[in-house]
Amino acid sequence: MKKVYFLLVFLFFQVSIIAQDIGLPFSKYYSSQEYQGGIQNYAITQSTKGLIYIANNYGLLEYDGTTWRRYALPSGTKLRHVQLDEDGQIYVTGQGDFGYFTPNRIGQLEFQSLKNKLPEAFKNLEEVWKVYITSEEILFCTTRQIFVFDKKQNYRYDLTSKSAFESFHFQNGQLYVNEVSSGLYTLQNGQLVSISNSELFSDHLVTGVLQLSSNQQIVLTRDAGVFELQSQEVKKWKDNFQSAINTALRLKNGNIAIGTQSNGLYILSERGATLLYLNNNNGLNNNSVVSLFEDLSGNLWIGHNNGLTLVELSKPFRKINQFSGLTGTGYHAILYDDKTYFGTNNGVYVQNSDPKAKFIENSTGQVYQLKSIENHLLVAHNDGAFVIKGNQANKIEGPTGIWNFQRLKNHPNLILVGGYNGIYLYEINHGEVRFLRQIKGFSESSRIIEQDDKGNIWVAHGYKGIYKLQLDQSLESVNMTAFGPESGLPTNTLNNVWKLGNRLIFTTQAGIFKFNDSDQLFERDPFFLNYFGAGDVIHYMQEDQLGNIYFIAEHEAGVLEKKVDGSFIKHHQLFNQLLPLLNDDLQNIAATRGNEVLFAANEGFIHFSLNQNTYQPNEFPTLLRSVFITGAVDSLIFDGNAYSIPNQGKQEAIKIPYQKANIRFESSNPTPNNEKDLEFQFWLEGLEPGYGEWIEKREKAYTNLREGKYTFHVRSRNLYGELAEETSWDFEVLPPWYRSQVAYGVYFLMLCIFGFTGYLTIEKKYQKRARQLKSASRKVIEAKDSELRSSQEELERLKNEKLKQEIQLKDKELASATMHLITKNGFIDHVKGNLTGIIKKSKNQEVKNEIQKVIKNIEKNIAEDEDWEQFEIHFDQVHGDFMSRFKKIHENLSPQEIKLSAYLRMNLSTKEIAYLMNISVRGVEIARYRLRKKLNLTREDNLQEFILKF
């Protein structure tokens with residue numbers, strides 16, 4: 001039975017290997033020292049932003065594309081499983097606990113246990129193996145119970161095993177449970193429902209359940225192989241593996257990945273054919289596969305018992321190197337007789353149905369080219385020309401140092417050979433290849449040779465330019481024409497000649513040229529300007545059987561894919577990953593089949609299939625992973641995970657003290673296996689005008705920032721030249737205490753106080769000065785007033801003196817007039833008396849009558865004296881309008897009494913008044929008496945004093 005078993009296994013692998021792709025996918029191994037965690041990785045998942053989460057011996061691992069972080073459970077125990085819901089919440093299970101990780105206020109993940117929500121009877125947990133998330137529920141699976149929570153993380157109910165739950169599997173929203181001694185169950189409407197005819201699995205540990213179609217599943221067991229479950233029937237689907245199966249995963253392209261306990265990884269087709277097998281001799285560092293996960297970019301993550309491996313299954317590249325059985329640097333390859341031959345600096349290797357290449361005996365040394373001519377597989381070798389027959393290389397007698405072979409145009413039995421020291425002719429004669437002769441007239445190294453339609457031989461020399469050789473009729477010598485800058489070539493160096501589309505093109509340091517035969521000059525080929533820049537330096541070009549043109553340039557590699565209409569589509573971003581891996585000695589591309597080529601690499605070869613070029617890199621956003629305040633000891637203020645959950649709101653801008661405004665930002669892009677090729681642009685809005693240059697450093701630091709509001713922007717560019725979505729982070733640098741709002745308030749208050757104090761001081765000083773000025777002014781004013789008063793007094797005195805003088809003058813005039821009147825009246829009265837005496841003495845009547853007439857005229861003259869009015873005017877001027885005032889007050893006075901009052905005012909005597917009034921003294925006294933009565937004066941009142949005071 002053992003012999004039959006091993007025979008079946010051998011046949012299985014023989015059939016399976018035939019279906020395998022050539023080479024191995026790109027991969028990267030992460031050791032536990034690199035990710036700083038435990039050796040075992042039990043489960044892997046990914047967020048929508050590209051962050052990888054791994055359930056590890058030491059807790060939860062988080063990978064952002066460049067750095068690893070680890071978050072432990074409070075108990076420090078192992079994590080067994082991790083899953084993310086549609087909102088990005090991270091649910092985990094472990095030893096004795098389960099719950100979820102959520103970011104705190106600065107973006108650090110913190111564990112929140114859900115164990116305390118269980119009924120008291122279930123809180124004493126041991127292992128919680130799995131967590132699965134359905135559209136409505138969250139399932140936490142232990143050996144004895146399945147705990148069901150709703151989406152709000154509230155406990156609903158539990159399902160208890162009759163014996164023990166042995167394994168759990170989740171496929172297409174359906175939970176499958178393997179129960180000891182019972183078989184396989186599914187969870188339906190809150191109940192575990194047995195799968196018919198699943199008793200087979202009651203004694204076998206189920207390690208995977210995968211959905212192949214709507215009514216077909218395959219069930220993988222640890223030790224009994226793989227079974228097909230269809231229409232409630234169970235049948236064998238796959239024979240036993242050489243090792244126990246630990247886990248399985250259905251890939252997005254329909255293939256099946258199976259991880260084993262000790263025999264590595266298998267990739268199977270839906271029908272079970274082995275497409276790829278990886279182990280520690282074939283691309284893996286560890287044969288034990290514990291967990292599998294396919295990320296958003298189509299990469300396969302493998303969790304080992306010791307470490308992690310990332311396998312880039314979705315890329316159309318496969319490496320053929322020491323894991324494929326060949327060693328050394330690749331130089332050339334060829335598909336011949338359904339076998340692939342590889343030429344390296346160590347010799348020739350051949351690969352057939354066996355994934356391991358075998359060395360061709362007697363081929364040791366530097367190989368430059370493998371060429372099939374007339375059913376002869378020729379080897380251009382440092383030691384000369386070889387022909388391969390069977391599994392051996394036979395040297396052809398002739399010169400050493402052979403670069404290449406090609407048929408000589410119009411001579412099917414002759415081979416044109418380029419060598420270190422010129423060109424040679426070899427001949428195929430009676431089925432054998434032999435050296436004929438060296439062609440005379442040209443002795444330069446001829447590594448690159450092409451022939452045009454006219455049979456001219458074009459040789460490109462690395463640093464001497466281009467040569468055109470014309471063979472003579474005897475094929476023994478050539479006529480050589482050398483071309484350099486004088487013929488239109490930019491320089492003599494880095495010129496090459498290629499035959500594409502049955503015409504020659506020339507690659508130079510200034511782009512692609514063609515030869516104008518009529519002008520014998522090189523000129524730029526306009527056709528390729530649509531695909532390459534005028535200054536692009538192309539090192540190698542190769543056309544495959546379908547007309548696709550593959551190229552290796554100074555800064556890019558790729559393919560011009562030929563379309564039906566004869567145009568080309570350029571693919572180059574994907575090839576950026578190849579550039580550091582390619583042979584940097586002599587670049588080479590070997591076309592094997594239509595749409596398939598082999599790039600010569602530093603380690604072996606890289607296979608590319610245009611048919612499988614469906615890779616579309618997932619566009620992950622740029623992530624801001626950490627923000628530190630730098631100093632003697634850096635202080636973390638933001639840890640990046642606040643934005644890892646889609647529904648997490650954007651936090652308020654962090655406020656940073658002025659004295660700590662030295663900040664360092666750390667960024668990343670979660671594109672896997674792209675750490676060394678990421679480039680970043682940074683912009684601190686509020687300080688810089690825009691984005692800076694692209695740099696490879698993922699950190700950016702700023703020092704001594706001034707106060708103000710800032711927004712930090714970062715964006716990234718991956719290996720494929722794709723610009724990732726930017727992310728931003730707001731913060732505010734607070735002003736120093738002396739420029740803070742409080743300080744400005746204090747300054748304002750102090751300013752007010754100082755201003756008020758200054759105002760008071762100035763006001764006091766001003767008031768003092770004002771008082772001084774006022775005092776001085778008052779003194780000046782007083783002096784001026786004194787002077788003015790003195791002046792006024794003097795003026796008044798002078799005026800008074802003048803008035804007195806005028807009064808005196810008036811008084812004199814008045815007195816004179818009065819005296820004149822008194823004299824006149826006295827004289828008249830004396831004359832009258834004399835005349836009266838004469839009348840008395842005269843006897844003559846006529847004389848008496850005449851004298852009587854004279855007396856009457858005298859009396860009339862005295863009574864009607866017109867000088868009174870003039871007198872009254874002068875009197876009022878002298879005595880302050882006495883007459884007007886006195887008459888106004890005393891309206892009842894007669895004119896004689898007015899005159900009497902005026903005379904009394906003049907202080908005239910009674911006798912003088914009698915003369916002036918032409919009355920007797922007695923008459924004056926009577927008049928005085930009557931005046932007193934009218935003035936209502938008493939006997940005690942002095943009439944003259946009253947009038948003088950009026």
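Taking the ring centroids of Phe149 and Tyr155, they lie under the 6.0 Å cut-off. Ring centers of Trp68 and Tyr35: under 6.0 Å apart, within the cut-off.
A 4.5 Å side-chain heavy-atom check between Leu636 and Gln108 finds at least one atom pair inside the cut-off. Between Ile267 and Leu251, the closest side-chain pair of non-hydrogen atoms falls below 4.5 Å.
Side-chain N or O atoms of Ser288 include one that pairs as donor or acceptor with a backbone N or O of Gln261 at under 3.5 Å. One N or O on the side chain of Thr622 and one on the backbone of Ser716 form a donor-acceptor pair closer than 3.5 Å. Checked by atom type and distance alone, the side chain of Tyr720 never pairs as donor or acceptor with a backbone atom of Glu722 at under 3.5 Å. No donor-acceptor pair closer than 3.5 Å links the side chain of Ser27 to the backbone N or O of Val311. Here the side chain of Asp203 pairs no donor or acceptor atom with the backbone of Ser181 at under 3.5 angstrom.
Around the CD atom of Glu696, the shell of radius 6.0 Å holds no more than 12 heavy atoms that belong to other residues, nucleotides or ligands.
Salt bridge Glu270/Arg250: present, at least one basic N to carboxylate O contact under 4.0 Å. Glu86 has a carboxylate O that lies under 4.0 Å from a charged side-chain N of Lys151, or vice versa, which qualifies the two as a salt bridge. Salt-bridge annotation for Arg625 and Asp639: absent, with no side-chain N of the basic residue lying under 4.0 Å from a carboxylate O of the acidic one. Between Lys709 and Asp730 there is no salt bridge, since no side-chain nitrogen of the basic residue lies less than 4.0 Å from a carboxylate oxygen of the acidic one.
Between Phe111 and Val92, the closest heavy-atom pair is CE1-CG2, 3.6 Å. When all heavy atoms are compared, the tightest approach of Ala257 to Leu300 is CB-CD2, 4.3 Å. In terms of heavy-atom proximity, Val206 sits nearest to Asn178 at N-OD1, 3.1 Å.
Tested against Phe712, the residues Phe638, Phe731, Phe665 include a single ring pair (Phe, Tyr, Trp, His ring centres under 6.0 Å) partner, Phe665. The only option from Phe98, Phe170, Tyr132 that meets the ring pair (Phe, Tyr, Trp, His ring centres under 6.0 Å) definition with His81 turns out to be Tyr132.
Checking Tyr71 against Glu62 by side-chain atom types alone, a donor-acceptor pair falls below 3.5 Å. Between the side chains of Asn321 and Glu603, not a single donor N or O lies within less than 3.5 Å of an accepting N or O.
Judged by the 6.0 Å distance and 45° axis criteria, Lys28 is not positioned over the aromatic ring of Phe26.
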Could you please spell out the steps behind the salt bridge (Lys or Arg N to Asp or Glu O under 4.0 Å) verdict for Arg717 and Glu679? CA-CA 5 Å; Arg717 184 170 64 185; Glu679 293 181 320; 2.5 Å; yes
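Rounding to the nearest 0.5 Å gives a distance of 5.0 Å between CZ of Arg80 and CD of Gln95.
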